[in-house]
Each structure stands twice: as C-alpha cells, then as structure tokens.
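Right, one structure below, let's go through it.
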Amino acid sequence: MTASIVGWAHTPFGKFDAETVESLVVKVANEAIADAGISAGDVDEIVLGHFNAGFSAQDFTASLVLQADPALRFKPATRVENACATGSAAVHQGIRAIAAGAAKIVLVVGVEQMTRTPGPEIGKNLLKASYLPEDGDTVGGFAGVFGKIAQGYFQKYGDQSDALALIAAKNHKNGVANPYAQMRKDFGFEFCRSESEKNPYVAGPLKRTDCSLVSDGAAALVLTDSETANSFAKAVNVRATAHAQDFLPMSKRDILAFEGCTVAWQRALEKAGVTLSDLSFVETHDCFTVAELIEYEAMGLTPRGQGARAIKEGWTLKDGKLPVNPSGGLKAKGHPIGATGVSMHVMTAMQLTGTAPEGMQLPNAKLGGIFNMGGAAVANYVSILEPAK
C-alpha cells in the first residue's frame with residue numbers, strides 16, 4: 001500500500017452544546033494540518049465523512065472544511081457516507097486517491113453532532129442505517145435491531161450475558177485512560193452484568209451498558225504517499241485495506257455470522273501478508289457489546305459460537321494475546337457516527353508511534369488492525385497499519 005498517515009487531530013467525544021458541525025470540522029482540520037507540519041495550501045484533496053441522516057440541518061457539508069483556511073479554497077472536496085462506517089469510507093477514499101496518484105496530500109475529516117437531536121428523533125435517524133421495509137418499525141430503533149441479533153445469538157449458542165458484561169466492563173476500564181473518551185468510568189463487571197435503575201434493559205437482552213453512546217465529536221488525519229512520508233516527523237504506513245459490502249436486508253444473510261466482516265478481514269490480512277496472530281491489537285466496532293462478541297468470531301479469533309472464550313479467558317484484555325479496543329471502543333469513547341472510523345485510525349496511529357495517552361499505550365505495538373462497520377455488518381472496512389520508522 002502506498003499511503004501513510006503523517007498527522008492527526010481528535011476532539012474529545014461527548015455532548016457539546018457550544019459546538020456545531022462546522023466548528024468541529026474547522027478545529028480538527030486546522031489541528032491535523034498543523035500536526036503534520038504542512039500548510040493548508042499543501043493539501044491536494046479533502047474527504048469529509050459525515051453521516052448526518054437528519055442530525056444536522058446543514059447538509060452538503062464537504063465545503064465546510066474550507067472554512068478552516070482560505071488556502072483550502074478550490075481544492076477538490078467530497079463528502080462520503082456509509083452509515084456507521086462513514087469515517088473509514090472517508091479514510092479509504094483518501095488512500096485510493098494517494099494510490100492512484102491523483103493526490104499527494106489528502107486531508108480526511110470525520111464529524112457528527114448527534115446530541116442536539118431529541119431522543120425519539122435520534123432513534124429514527126439511526127434506524128435509517130437498517131433496511132426500513134423490514135426493520136422500520138423496530139421498537140428501540142437500532143438498539144432494537146441489535147437486540148434481535150443478541151436474542152438470536154443467545155437462542156443458538158446459549159445465554160451470553162456474562163460475556164457481554166465482561167466486554168462492557170473491559171471497554172469502560174480501558175476508556176478511563178483515554179482523555180478523548182466520552183465516558184471515563186470503570187463500572188466493573190457486576191454493574192454491567194446486573195439490571196438496575198441505572199442499567200435497565202434497552203432491547204432484548206441488551207442493557208444500557210451494552211450500548212454505545214450518542215455523541216458529538218470530530219477527528220482528522222493527513223495522508224501522503226509513503227515515499228513523501230519519509231520526510232515527515234512521524235508516519236504510520238497503511239499496510240493493507242479491505243472493504244466488503246453485504247446485503248442490507250438481514251433476511252438475505254446469516255445475521256449471526258457477520259460474513260462481510262470475515263471477508264474484509266480475510267482480504268486485508270492476505271494483502272498485508274500477515275495473520276491475525278501477528279497483530280499487536282485491534283480497534284473494533286463495538287456499537288453494541290454483542291457486535292464485539294460476534295466480531296471475535298468473524299475475524300477468526302475463535303470458532304463460531306465460541307466468542308465468549310476470547311473475553312472470559314482474557315485474550316482481548318490490554319495484557320491479553322490480542323488486546324481489543326484499548327481506546328475504550330465506541331462503548332466508552334463514544335460514537336459520533338461520521339467521526340468514528342477516522343477516530344479508530346487516529347487511535348491506532350497513536351499506539352503505533354508510541355504517543356497514545358499514558359495508561360492507554362500498549363508496549364511494543366507494531367501492527368494494528370481496525371474494523372469499522374456500517375449497519376448490521378453491511379459496510380465492512382478493515383485497515384492494517386504499521387509504523388513507518
């Protein structure tokens with residue numbers, strides 16, 4: 001792969017009444033450009049990841065990036081969207097522009113502002129990432145969709161409430177060390193496992209601690225070709241990428257298998273010439289804890305139906321054989337949809353350059369994997385990154 005990440009920026013994720021989509025975009029665009037040590041005029045192309053789906057009254061947002069600096073005027077700028085994988089779609093489009101020789105330096109920004117939207121509208125907006133003819137009346141919105149998936153998994157493989165609570169507890173504990181995370185609190189297994197007034201059931205067997213957060217936030221990164229990256233102060237090479245799009249209706253596939261996730265991982269690992277065991281860590285898409293559980297199986301960490309082993313035996317803890325979501329994942333970090341995939345790449349780049357926040361940094365991280373998905377395993381993106389130096 002010919003692309004490298006040479007600069008980045010990341011806002012905290014959370015609820016920010018004083019921010020707008022525009023202000024978040026401008027902030028991370030300027031910070032990423034400065035972090036890369038370039039000027040805005042050096043940027044050849046801009047890609048913005050912004051899901052929107054009704055969260056922002058302002059649509060047609062690609063040109064908002066130009067607000068960051070007058071020197072960005074007249075640069076090609078495109079907004080991309082692929083549900084909850086929108087951020088990775090933007091990163092991959094930037095990588096393709098570099099690989100094609102169409103651009104030497106690409107600025108990628110991901111953003112979402114969700115918390116200004118009333119609760120019922122949030123559920124309605126998120127449900128647009130499902131197949132409405134089948135799922136449009138699902139109680140609980142997108143949480144209801146994954147509640148059905150969790151129920152189906154429990155029916156086939158047995159009650160996995162302990163595993164889901166362990167995943168939630170792991171990610172919340174990891175998030176404590178992440179200053180960008182929306183929720184920096186170690187709830188512990190017992191709280192995540194037990195139904196309570198503060199942790200009620202939301203949909204099917206999923207409790208509040210099984211669901212990612214409604215968030216505002218943005219992240220950005222600067223891409224260049226790997227040869228040019230040698231002249232930058234820091235660089236993380238994109239060793240491989242893969243994108244597998246699956247059918248939107250869940251009725252047309254085995255929803256408990258996340259087959260698109262499997263295909264994307266297999267393609268990326270093959271392109272990179274590595275195996276899953278070669279990875280130092282993975283940032284994966286835990287929009288709901290059951291998603292992370294099934295992703296253990298889909299990525300090949302365990303056989304089908306045995307994902308619980310990975311968390312119960314400690315494989316995916318920060319000191320396990322394959323740490324998963326050392327950032328806290330979407331569960332603790334938050335999930336501003338268009339920003340999530342870009343955030344995953346930034347967090348991975350930090351790990352691989354030894355610049356992750358204290359307590360979050362893994363020792364000797366050499367190869368990082370990213371899985372970001374849109375919908376219920378519909379848009380499946382995998383990236384494999386490594387330090388350039």
Side-chain angles (χ1 to χ4, degrees), residues 1-10 85 87-88 90-92 94-95 108 110 170-171 174-175 177-178 180-181 219-223 226 229 234-243 261 264-286 292 295-296 298-301 310 315-330 332-333 339-373 380-389:
M1 186 58 81
T2 58
S4 300
I5 302 169
V6 293
W8 51 78
H10 201 297
S88 286
V91 174
H92 283 209
I95 291 167
V108 179
K170 167 184 71 73
N171 291 346
N174 289 352
N178 185 354
Y180 305 100
L221 53 82
V222 175
L223 295 165
S226 296
K234 61 184 179 184
V236 173
N237 289 342
V238 181
R239 183 154 171 172
T241 60
H243 168 205
C261 174
W265 269 111
Q266 289 174 344
R267 288 175 180 171
L269 291 168
E270 183 178 356
K271 285 181 188 176
V274 299
T275 65
L276 195 68
S277 61
D278 293 318
L279 300 182
S280 304
F281 65 96
V282 166
E283 287 286 339
T284 202
H285 194 97
D286 60 320
E292 180 168 327
E295 285 157 21
Y296 292 162
M299 72 172 74
L301 189 57
W315 303 357
T316 58
L317 302 181
K318 277 204 287 194
D319 59 354
K321 67 180 186 179
L322 183 63
V324 174
N325 288 332
S327 70
L330 285 58
K333 179 160 58 86
T340 288
V342 184
S343 168
M344 289 172 146
H345 286 78
V346 170
M347 292 290 156
T348 301
M350 287 180 177
Q351 288 284 0
L352 295 172
T353 53
T355 59
E358 185 178 356
M360 193 178 110
Q361 180 68 54
L362 298 170
N364 305 312
K366 300 298 183 187
L367 201 61
I370 298 162
F371 174 69
N372 183 200
M373 77 177 179
N380 303 276
Y381 289 82
V382 171
S383 300
I384 296 176
L385 309 184
E386 63 184 350
K389 301 172 184 178

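As the structure is a prediction and not an experimental result, all values here were calculated from the model.
Legend: residues meeting salt bridge (charged side-chain N to carboxylate O under 4.0 Å, His left out) with K318, ordered by chain and number and at least two apart, are absent. Shown here are the side-chain contact (heavy atoms from CB on, under 4.5 Å) partners of A264, two or more places apart in sequence or in another chain: A244, N380, V382.
Contact check for S280 versus L362: no side-chain heavy atoms found under the 4.5 Å cut-off. In this structure, V274 and R239 have side chains that are in contact, with non-hydrogen atoms separated by less than 4.5 Å. Counting only heavy atoms from C-beta outward, the side chains of M350 and Y180 approach each other to under 4.5 Å. Between F371 and M373, the closest side-chain pair of non-hydrogen atoms falls below 4.5 Å. Using a 4.5 Å heavy-atom cutoff, the side chains of N325 and T284 are in contact.
Atom CG in L301 sits 6.0 Å away from atom CG in L322 (nearest 0.5 Å). Note: F281 CZ to M347 CE = 11.0 Å, rounded to the nearest 0.5 Å.
Side-chain atoms of T241 never come within 3.5 Å of backbone atoms of S383 as a donor-acceptor pair (strictly under, hydrogens ignored). The backbone N or O of S327 lies less than 3.5 Å from a partner atom in the side chain of N178, making a donor-acceptor pair. Side-chain N or O atoms of E386 include none that pairs as donor or acceptor with a backbone N or O of V236 at under 3.5 Å. When atom types are taken as modelled, the side chain of K170 and the backbone of V324 share a donor-acceptor pair closer than 3.5 angstrom.
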Intermediate values then yes/no, salt bridge (charged side-chain N to carboxylate O under 4.0 Å, His left out), K333 and E283:
CA-CA 12 Å; K333 179 160 58 86; E283 287 286 339; 5.6 Å; no

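Taking the six-membered ring for Trp and thresholds of 30 and 60 degrees, Y381 and H243 have nearly parallel ring planes, at less than 30 degrees apart.
Of all the heavy atoms in P387 and A365, the pair that sits closest is CG-O, 4.3 Å.
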